[in-house]
Amino acid sequence: NFFNLTFPSDLRLCLDKILLQCVLQSRTLSGADAINALRPFYFAVHPDFFGQHPKEREVNENSLKRLNGYLENLQKPGFRSFKPTQLTFYVREREPNSSNVQESFSASGFRAVSFTLHTRDLLSTVLDILNSCSLSTEHVQSLNVNSQPHKEAKSTVNRPIKWDKTYYSFTGFKDPEEELEQAQRVETTLLSWLDYNEASAVKKLKKSLPLRKELERLKIELSHELQLSDIRWQRSWGIAHRCSQLHSLGRLVQQRPEILENVKGRTVVFTDRSGMSAAGHIMLGTTDVHHHWTKIFERLPNYYKLQKRLLLLEDRISQLLGGIQVIYIEELQPLLTLEEYFELLNSFYNRLHDSRLPFHPRSLRGLQMILESDRYAPSLHEFGHFMIPTVCDPAALQWFIFAKAQEARENLKRKEEMMITEKELISTSTERFSLDRLYKEPSVSSAQMIDCCKRLLEESLPYLQGMHLCVSHFYSVLQDGDLCIPWNWKN
């Protein structure tokens, strides 16, 4: 008996893996089994765990939507048209010594993982996802999976002959299954993707046009009535959702006009929670009711007082660090409330004040720094600002700033030049392709956007006329017809 033979340990392990793979491939998963098998993956990438990292949260949200669509298509009876789907996730790092699935992931560390799905059944898809994210697949074999049903009797007469792989090796004929898989693995190109998705995007865009006009009208009217500086959204909600939020704010203005007297010159941001942001913007939580919004508007005078104290605290830190400017960058930093940011600054200030670092007054004027609570070592960003941990050792901080000061000044100058170049390329690309709008996701850097636009301008792309184009990390058609392309698209 083959299974009773003795083999060296390495060969036995190899055979065990092959046999396990054969067993798994002979089974099929139900939708519920697939969700259960992907639990470790969902815990690792779920957007709720990235509340302090808005850029990564948005990438994971969009990728999960596309993954769910892929999984739904796999379960549709008779569905055979599977396009390779490229996905990018930020995966939380696992803690080394934890037995609990949910608690085994670190809150601070994560890594970017990109992979392409081209499987045609739930089981293979689940295994591909787990393996791509370096997650264990051992639990998959213990699921209650069913043996794959044989072809129905009525189809056995006319079904094509399925030859063993050795037949094609011996005869030299081409294996149709292998050819199909190779075709599906071919990396998506920009032109092929636009050609395939243009009609769908145009249809969605035309359907959204009335709502887009309504959104613009509501935004202009409310901004004028409340004398707001701007109205923004932290996340990429659909047009209908945004209109609904503005209608809610409009009703509150009609019901309680007196509480909105203190919003003049401010920016309102619709986000996940209500309050005032570290940048001084009024945050309205989209899941909160009018009662919560009303409380926020009533507290605005107190928020403004706290903001003055915060600015004073930033000045004191600046004085202790030779005139370096303390800034908060919305696109790069976690979304913090005013209270959270004040506590962060206060803690850092107390550490600095106690250490009494010997910085010469105004020796670092013109330089910038941001505070971060999830780092342990200082670093210099490509845009020239220092990224300083709140728990950084004062002596190490002093040495690092002195050592990197000249490089920081050069990076700041390069940043200004880069932003001008980026703005010019966006304008040129918009005009060249007759786009209605060209924009990027917050997680796309200026350098990536510049590279993307330069390569776009070398192409002839008639598909883009009148479209909304978003530069992102993956291909997607949004619900309102916006086309998303990765910044590093392939020609």
Side-chain angles (χ1 to χ4, degrees), residues 51-54 57-58 214-237 241-318 325-350 370-373 390 442:
Q52 296 285 308
H53 303 277
R57 174 182 180 133
E58 185 172 13
E214 173 72 359
L215 178 66
E216 189 64 22
R217 181 188 67 80
L218 289 169
K219 186 176 176 181
I220 292 173
E221 288 181 0
L222 281 171
S223 296
H224 178 73
E225 186 174 358
L226 300 176
Q227 300 183 58
L228 295 172
S229 173
D230 194 11
I231 298 177
R232 302 179 193 169
W233 286 264
Q234 182 211 355
R235 291 160 60 188
S236 53
W237 284 295
H241 196 169
R242 296 187 182 200
C243 284
S244 175
Q245 292 157 2
L246 290 185
H247 278 300
S248 294
L249 180 57
R251 286 193 295 272
L252 183 60
V253 171
Q254 294 175 353
Q255 296 166 5
R256 299 289 303 278
E258 72 282 357
I259 65 170
L260 296 162
E261 295 174 354
N262 295 311
V263 301
K264 182 179 179 180
R266 294 283 169 169
T267 294
V268 168
V269 181
F270 289 97
T271 181
D272 292 327
R273 51 181 175 166
S274 297
M276 179 167 280
S277 73
H281 302 325
I282 301 168
M283 301 190 302
L284 299 180
T286 56
T287 58
D288 293 338
V289 294
H290 279 183
H291 174 68
H292 295 100
W293 289 7
T294 300
K295 283 188 174 182
I296 295 302
F297 289 120
E298 289 174 343
R299 292 175 188 160
L300 284 181
N302 292 330
Y303 279 125
Y304 297 155
K305 290 178 183 177
L306 180 59
Q307 191 177 28
K308 288 180 179 179
R309 292 175 58 197
L310 185 146
L311 293 173
L312 183 61
L313 198 53
E314 286 181 337
D315 287 340
R316 288 176 176 171
I317 293 173
S318 177
Q325 182 187 8
V326 183
I327 60 173
Y328 178 83
I329 306 176
E330 289 181 272
E331 295 81 6
L332 299 179
Q333 292 184 257
L335 181 66
L336 300 176
T337 63
L338 198 65
E339 299 94 330
E340 290 168 342
Y341 190 49
F342 182 86
E343 289 300 319
L344 201 67
L345 288 170
N346 194 47
S347 172
F348 184 69
Y349 170 76
N350 289 333
I370 63 174
L371 273 180
E372 296 197 335
S373 59
T390 53

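Values below: all heavy atoms of this structure, side chains included; hydrogens, waters and symmetry mates excluded.
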If you look only at distance, which donor and acceptor atoms sit under 3.5 Å apart when one is on a side chain in residues 217-224 and the other is two or more places apart or in another chain?
{"unit_1": "R217", "atom_1": "NE", "unit_2": "E214", "atom_2": "OE1", "d": "3.2"}
{"unit_1": "R217", "atom_1": "NH1", "unit_2": "E221", "atom_2": "OE1", "d": "3.0"}
{"unit_1": "R217", "atom_1": "NH1", "unit_2": "E221", "atom_2": "OE2", "d": "2.8"}
{"unit_1": "R217", "atom_1": "NH2", "unit_2": "E214", "atom_2": "OE1", "d": "3.2"}
{"unit_1": "R217", "atom_1": "NH2", "unit_2": "E214", "atom_2": "OE2", "d": "2.9"}
{"unit_1": "K219", "atom_1": "NZ", "unit_2": "I231", "atom_2": "O", "d": "3.3"}
{"unit_1": "S223", "atom_1": "OG", "unit_2": "K219", "atom_2": "O", "d": "2.7"}

side-chain hydrogen bond (donor to acceptor under 3.5 Å, both in side chains) partners for T271, two or more places apart
Q234

Can you sort out the partners of Q325 under side-chain hydrogen bond (donor to acceptor under 3.5 Å, both in side chains), two or more places apart, ordered by chain and number?
none

Distance check, rounded to the nearest 0.5 Å: L336 atom CG versus Y341 atom OH?
8.5 Å

Sequence-distant partners of S244, side chain to side chain contact (heavy atoms under 4.5 Å, CB included), two or more places apart:
none

State which residues pass ring pair (Phe, Tyr, Trp, His ring centres under 6.0 Å) with Y303; sequence neighbours excluded, sorted by chain then number.
none

State which residues pass side chain to side chain contact (heavy atoms under 4.5 Å, CB included) with Q254; sequence neighbours excluded, sorted by chain then number.
none

Given 3.5 Å as the limit, does a donor-acceptor pair link the side chain of T390 with the main chain of F348, or not?
no

Verify side-chain contact (heavy atoms from CB on, under 4.5 Å) between I317 and L345, making sure each step is shown before the conclusion.
CA-CA 8 Å; I317 293 173; L345 288 170; 3.8 Å; yes

Could you grab the distance from atom NE2 of H292 to atom CG of L284, nearest 0.5 Å is fine?
12.5 Å

Would you give the length of the straight line joining atom OG of S277 to atom CD of E330, rounded to the nearest 0.5 angstrom?
5.5 Å

Side chains of W293 and I282 in contact at under 4.5 Å (non-hydrogen atoms)
no

Could you list the residues that satisfy salt bridge (Lys or Arg N to Asp or Glu O under 4.0 Å) with E216, not counting sequence neighbours?
none

Would E339 and R273 pass as an ion pair if we require N to O under 4.0 Å?
no

For T267, which residues count as a side-chain hydrogen bond (donor to acceptor under 3.5 Å, both in side chains) partner, sequence neighbours excluded?
none

Given side chains that start at C-beta, do those of L260 and E225 come closer than 4.5 Å, heavy atoms only?
no

Closest heavy-atom pair, T294 versus I259, reported as atoms and distance to 0.1 Å, is CG2-CD1, 3.7 Å

Name every donor-acceptor pair, under 3.5 Å, that has one atom in a side chain of residues 304-312 and the other anywhere in the protein, sequence neighbours excluded.
{"unit_1": "Y304", "atom_1": "OH", "unit_2": "N262", "atom_2": "O", "d": "2.5"}
{"unit_1": "Q307", "atom_1": "OE1", "unit_2": "R266", "atom_2": "NH1", "d": "3.1"}
{"unit_1": "Q307", "atom_1": "OE1", "unit_2": "R266", "atom_2": "NH2", "d": "3.1"}

Got a second to check how far W233's CH2 is from H241's NE2, nearest 0.5 Å?
10.5 Å

Less than 4.5 Å apart, any side-chain heavy atom of F297 and any of R256?
no

Suppose we screen for side chain to side chain contact (heavy atoms under 4.5 Å, CB included). Which residues come up paired with R251, at least two apart in sequence or across chains?
H247, S248, Q255, H290

Working to the nearest 0.5 Å, report the span between OH of Y349 and CG of L371.
14.0 Å

Taking only residues two or more places apart in sequence or in another chain, which ones pass side chain to side chain contact (heavy atoms under 4.5 Å, CB included) with P257?
none

Quick one: does N346's side chain get under 4.5 Å of L313's, heavy atoms only?
yes

Would you say the side chain of R299 lies within less than 4.5 Å of the side chain of I296, judging by non-hydrogen atoms?
yes

List for me each residue that meets side-chain hydrogen bond (donor to acceptor under 3.5 Å, both in side chains) alongside E58, sequence neighbours excluded, and say none if there are none.
S236

If I compare all heavy atoms of S274 with all of G285, which pair ends up nearest, and what's the gap?
OG-N, 2.8 Å

For S229 and G265, work out which heavy atoms get closest and say how close.
CB-O, 3.4 Å

Mind checking the CD-CD spacing from E258 to E298? Nearest 0.5 Å is all I need.
8.0 Å

